[in-house]
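Here the structure comes first, spelled out in structure tokens, and everything after it is commentary.
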Amino acid sequence: MATINGAVIPVTPLQQNCSVFWDDEAKLATVIDPGGDAPRIVEMLEVQGLTVEQILLTHGHFDHAAGVQALNRLIAERQGAPVPIVGPHRDDAFLLDALAEDGAAFGILEAQPVTPDRWLDEGETVTIAGKDFAIYHCPGHSPGSLVYVNEEARFAIVGDVLFQGSIGRTDFPYGDHDALISGIRAKLFPLGDDITFICGHGPGSTFGAERLGNPFVGEGR
Ligand SMILES: [Zn+2]
Ligand SMILES: [Zn+2]
């Protein structure tokens, strides 16, 4: 059976986590949240000998999506055609429409608006590196934030919903602190303490460690 491989590439001066997952046999890769530094991402793809099959987004913030168009142009040069842009939930469309302005405000000049080829929603699945991932809609940090979970591998990709020792910021006009906390507790923690996750910033963790010790959503709170 093909194994799933992954690498996290911190991108831009903000050092947010772009990640790449691929299967060993077909060498087909999914790039998740390319916030910028598209040439560095392509360099990594070349080193590993990977063909990109899709770009996947966890949510619409510029630090996760500003590099999508630049990356897809480089992919088109390498592979002959751009790849589909998949996710997030369509409630983040207004953020993806505003990427050029939001990115420029933070000096990410390659930022361009993005219209995904496929929006995703809870209850659907998305295939990453040959494995099916369940989709959970966890709004609050952004209205369209999605979490991708492969229960068999006990692995989740949570974007900016949950961090090691923290949760996504909700001090935006559209932020919803209570929705974020109840989403994490009602949808993610019941999946199991042993699920390991990677997130949009900093190191990953497990649902169990956060269920116990996270100061925002932990039980000790
Ligand atoms: Zn975000
Ligand atoms: Zn972020």
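If you read the sequence from its start, that first residue is 1, and numbering goes on from there. Everything quoted here is computed from the prediction, not taken from an experiment. Order of listing sets the numbers, starting from 1, for every ligand and every atom in it.
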Any N, O or S atom of His59 closer than 2.8 Å to the Zn ion (ligand 2): no

Any side-chain donor near an acceptor of the partner, Thr125 and Asp132, under 3.5 Å: no

Side chains of Asn5 and Asp24, donor plus acceptor under 3.5 Å: yes

Rounded to 10 degrees, the angle OD2 of Asp63 makes with NE2 of His64 at the Zn ion (ligand 2): 90°

Minimum-distance atom from the Zn ion (ligand 1) among N, O or S atoms of His61: ND1

Heteroatom of Asp160 nearest to the Zn ion (ligand 2) (N, O or S, atom name): OD2

Check: Ile85 main-chain N/O paired with Asp117 side-chain donor or acceptor under 3.5 Å: yes

Ring geometry between His89 and His137 (parallel below 30°, tilted from 30 to 60°, perpendicular above 60°): parallel

